[in-house]
Colleague: 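First the structure, then my questions, so here it is.
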Amino acid sequence: MYDKNNIFAKILRGEIPCDKIYEDKFALAFKDINPQAKIHVLVIPKGAYVDMNDFAANAKSDEIEGLIRALGKVADILGVSTAGYRYLVNNGRDGGQEVPHLHFHIFGGERLGRMIHK
Ligand code: 5GP
């Protein structure tokens, strides 16, 4: 069940401000409030999807394409495409997902450490 009062739903409705990087019909990108790398941006679909399971099963083709294209555009806007960067999607309890609206983290701007911290 999608919680319409999650923090990213409020950002999408303009009820809470964000430091916007990019927006189009399908996606919104904004800086993470608690950055874990020199560059740390979140890219979210505009549709109400809890996580990747929900998005993969229920999003329409144009929403899926739109989100993937937005991910590439945001990397270009951030200037990390050449040096490299990392996407991360935390999914569900074991994935450590805190906000129940699908979001891709983009980390970059520096050499990133090992993939997984336990
Ligand atoms: P998760 O752990 O769900 O993958 O990541 C949630 C992310 O959302 C965290 O990195 C956290 O810092 C970020 N975050 C939580 N609340 C806000 C907010 O109100 N504004 C912004 N810009 N980021 C937020």
Side-chain angles (χ1 to χ4, degrees):
M1 267 292 277
Y2 183 81
D3 171 13
K4 286 183 178 159
N5 287 319
N6 78 75
I7 200 96
F8 294 167
K10 290 181 180 176
I11 286 175
L12 281 170
R13 290 196 296 266
E15 294 167 12
I16 290 177
C18 71
D19 199 342
K20 192 194 295 183
I21 300 287
Y22 175 77
E23 181 173 16
D24 63 23
K25 187 176 169 193
F26 297 107
L28 175 69
F30 52 92
K31 289 186 184 172
D32 195 292
I33 207 166
N34 182 24
Q36 303 296 308
K38 278 191 183 156
I39 292 173
H40 184 178
V41 166
L42 300 168
V43 183
I44 67 174
K46 287 202 165 169
Y49 299 103
V50 176
D51 57 18
M52 272 305 291
N53 302 327
D54 188 11
F55 190 72
N58 299 314
K60 297 193 173 71
S61 299
D62 59 348
E63 293 178 294
I64 294 171
E65 178 179 347
L67 181 62
I68 298 292
R69 293 211 188 275
L71 285 163
K73 278 181 193 157
V74 172
D76 285 342
I77 289 166
L78 294 171
V80 295
S81 295
T82 304
Y85 56 96
R86 181 174 297 160
Y87 294 126
L88 176 74
V89 180
N90 292 321
N91 217 62
R93 185 199 62 193
D94 282 1
Q97 182 179 7
E98 288 173 2
V99 180
H101 180 113
L102 173 63
H103 49 283
F104 280 67
H105 298 257
I106 299 183
F107 301 106
E110 62 183 321
R111 282 292 181 101
L112 301 168
R114 53 181 294 184
M115 265 203 300
I116 295 173
H117 291 282
K118 287 187 180 173

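Ligands are counted one by one from 1 in listed order, and the atoms in each one are counted from 1 as well. FYI, the numbering just counts along the sequence from 1.
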Colleague: For ligand 1, which part of Leu42 has a heavy atom less than 4.0 Å away: the side chain, the backbone, both, or neither?
Modeller: side chain
Colleague: Would you say that more than 12 heavy atoms from the other residues, nucleotides or ligands in this model lie under 6.0 Å from the CZ of Arg93, or not?
Modeller: no
Colleague: Run down the list Lys10, Gln36, Lys31 and name the one with the heavy atom closest to atom 22 (N) of ligand 1.
Modeller: Lys31
Colleague: May I ask you to check whether over 12 heavy atoms, not counting those of Arg86, lie within 6.0 Å of atom CZ?
Modeller: yes
Colleague: Select the closest option to atom 12 (O) of ligand 1 among Asn90, Asp32, Asp51, judged by heavy-atom distance.
Modeller: Asp32
Colleague: How far apart are the closest heavy atoms of Ile11 and Leu28, and which atoms are they?
Modeller: CG2-CD2, 3.8 Å
Colleague: Is there a polar contact between ligand 1 and His105, counting only N or O atoms under 3.5 Å apart?
Modeller: yes
Colleague: Hey, is ligand 1 close enough to Gly96 that some N/O pair sits below 3.5 Å?
Modeller: yes
Colleague: Which bit of Phe8 is near ligand 1, meaning a heavy atom under 4.0 Å away: side chain, backbone, both or neither?
Modeller: side chain
Colleague: List in chain and number order the residues that pass side-chain contact (heavy atoms from CB on, under 4.5 Å) with Ala37, two or more places apart in sequence or in another chain; answer none if no residue qualifies.
Modeller: Phe107, Glu110, Leu112
Colleague: Among all the protein's non-hydrogen atoms, which is closest to atom 3 (O) of ligand 1, and how far away is it?
Modeller: Glu98 N, 2.6 Å
Colleague: Got the closest protein heavy atom to atom 16 (N) of ligand 1, with its distance?
Modeller: Ile7 CG2, 4.0 Å
Colleague: Any nitrogen or oxygen of His103 lying under 3.5 Å from a nitrogen or oxygen in ligand 1? Just yes or no.
Modeller: yes
Colleague: Can you confirm if the aromatic rings of His103 and His101 lie within a centre distance of less than 6.0 Å?
Modeller: no
Colleague: Around atom 18 (C) of ligand 1, find the nearest protein heavy atom and jot down its residue, atom name and distance.
Modeller: Ile33 CD1, 4.0 Å
Colleague: Give the atom numbers and elements of ligand 1 that come within less than 4.0 Å of a heavy atom of Gln97.
Modeller: 3 (O)
Colleague: Can Glu23 and Lys46 be counted as an ion pair, charged N to O under 4.0 angstrom?
Modeller: yes
Colleague: Do Val80 and Phe30 share a hydrophobic cluster (ILVMFWY, side-chain heavy atoms under 4.5 Å, transitive)?
Modeller: no
Colleague: Against heavy atoms of Asn34, which atoms of ligand 1 measure under 4.0 Å?
Modeller: 12 (O)
Colleague: Can you find an N/O atom of Ile16 closer than 3.5 Å to an N/O atom of ligand 1?
Modeller: no
Colleague: I'd like to know if the side chain of Gln97 reaches the main chain of Val50, judged simply by a donor and an acceptor atom lying under 3.5 Å from each other, with no hydrogens or angles considered.
Modeller: yes
